[in-house]
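Here is how names work: the chains are called A, B, and so on, in the same order as the sequence lines, proteins then strands, and each is numbered from 1. Computed from a prediction, not measured in an experiment: that's the story for all the values here.
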There are 2 protein chains.
Amino acid sequence: MPAPIKSAKPDFEVIRRNKVYEEVAKQIERLILKKLKPGDKLPSERELAEILQVSRSSIRDAIRGLELVGLVEPRQGTGTIVRERPTESSVNPFADALKRRQGLVTELLDFRKMLEPPLAARAAANASAEEISEMEDILLRQEKKQSRGDAAIGEDAEFHYSIALASGNSVVLKVIDTLMDLLRDTREHSLQVEGRAQKSLAGHRRILAAVKRHDAEAAKSAMRRHIEDVEEIVLNTKF
Amino acid sequence: MPAPIKSAKPDFEVIRRNKVYEEVAKQIERLILKKLKPGDKLPSERELAEILQVSRSSIRDAIRGLELVGLVEPRQGTGTIVRERPTESSVNPFADALKRRQGLVTELLDFRKMLEPPLAARAAANASAEEISEMEDILLRQEKKQSRGDAAIGEDAEFHYSIALASGNSVVLKVIDTLMDLLRDTREHSLQVEGRAQKSLAGHRRILAAVKRHDAEAAKSAMRRHIEDVEEIVLNTKF
DNA sequence: GGCAAGTGGTCTGGTAAGCGGACCAGCCCA
DNA sequence: TGGGCTGGTCCGCTTACCAGACCACTTGCC
């Protein structure tokens, strides 16, 4: 195993002003990942401006960026739609990050292995009836998709997110946002791998079952096992 | 126990442009927390501008903010010094957040209870000789301070940070940054409480001992026990 | 005592991001 | 066909930030 870089503890970190359109791009990207399928329409630019509380110009800058990367295609008069497959555009910043990506995926999984089992235990202890039925819905959607042979990427992420929600700890949500940011470059790879794996479905079923009978220990170990399965798949997948 | 607020899963979050001087203020605040004692001088405005790669005006705006809150006192010709005790200034945004604070402290501790034990286990498995001796140094400083009756706030945080570093997972570091941001409003309370507790010292000793003999299970349970101790102290402290 | 170096305090002019609004051009449906 | 939606374009204004200059004050050294 290659030693991960251990950064010295810095007193200061150079400050970079965050640009609004970059922030907008992130959120749109996240929306696409979580809820939208290729072919779906984004909310209109004016709507987005309203929702995100920024000007339409900033929305447009963001969309222009996503268009350059090939994620999205604006059509005058119709709206902006999510592309089928991220096109291989000439502008591909991801290519550079290939090597770092592999390490990051591994570390993210390792982190999830630490955090998610106790999270599942909390969820088993605290989950309300609504939260459980939400999980069931997501799982059902995942099953339907996979039986059609589709990758259930969004559903996979949603399932884990719903577990986090049910833990009743709002700090977790902030942390998840951080992880999502880290995931941006990696999205296609680790999530798709996970989303395609049949094993993932079985893992989710076991976790949900434990949560439903409020068995914290079982939920914890089911989650641990599930992530170890995913880990195995990822490690055996060529990048 | 009051039910924590369970926010609905938001598709979007309003975008706020981060202002450079706010970012600067955060970093200075963190520096004060980690390294500086009351009476110490901050680096000069020109130095800070150089280090953080921002203009002196932004540094000044940030310092003006910290001055308003009473954290810091600029003296012409001398420098800017850290105040003895945060003065009760008329501008006290923290007062409003009192109720939320209590909840946040609890949730943060709960989160740490989930994350830090497996983190300690990783540290026990991976820690290098240098990392272990770093931990020993920190612990020694903490012991010295506490035997003088001082609160060892910085050392406490440093100890936990060194454990995180030794886990060899860089994702954790990102997450810690997120937590630090959340901690800002809470700093005085939870950290000081923890820093003052004699029990915390004993807990750290046990953790370090386990890490030194690379006993992952022992490190994990020592950390769990330590955080539970801290939790108990915090819960029995009036806010 | 006085000077030089370093500090915070103040002011100015310039730049770029973002805002808000107006208007155009294309699409779609009643 | 027209009205209402969409994205495309343009312009002027505001704000945060930068860069640099200069002042006022403290400190320490000669």
- Message: Need one value for B:Ser57: base, sugar-phosphate or nothing, where a base atom within 4.0 Å counts as base even if backbone is also close, heavy atoms only.
- Response: base
- Message: Need to verify one output field. Residue with the more 5' nearest nucleotide on DNA chain C, B:Arg17 or B:Arg64?
- Response: B:Arg64
- Starting at atom CD1 of B:Ile59, determine the distance to atom C1' of D:dC17, rounded to an integer number of angstrom. 12 Å
- Query: Is the shortest side-chain N to carboxylate O distance from B:Arg16 to B:Glu22 below 4.0 Å?
  - Reply: yes
- State whether A:Ser58 places a side-chain N or O below 4.0 Å from either non-bridging phosphate oxygen (OP1 or OP2) of C:dA17. no
Would you list the protein and nucleotides 3-6 of chain D atom pairs, both N or O, that sit under 3.5 Å from each other?
unit_1: D:dT6; atom_1: OP1; unit_2: A:Ser44; atom_2: OG; d: 3.3
unit_1: D:dT6; atom_1: O2; unit_2: A:Gly77; atom_2: N; d: 3.2

- Provide, to the nearest angstrom, the distance between the CD atom belonging to B:Gln53 and the P atom belonging to D:dA16. 22 Å
- Query: Which class fits the ring pair B:His204 and B:Phe159: parallel under 30°, tilted 30 to 60°, perpendicular over 60°?
  - Reply: parallel
- Message: Quick check: any donor-acceptor pair below 3.5 Å linking the side-chain of A:Arg56 to the base of C:dG18?
- Response: no
- Task: Side chain of A:Pro74 only, please: which of D:dG7, C:dG9, D:dC17 is the nearest?
- Result: D:dG7
- Please give, in whole Å, the distance from C:dG8 C1' to B:Glu73 CD? 12 Å
- Would you say the side-chain atoms of B:Glu107 pair up with the backbone N or O of A:Ser170, donor to acceptor, closer than 3.5 Å? yes
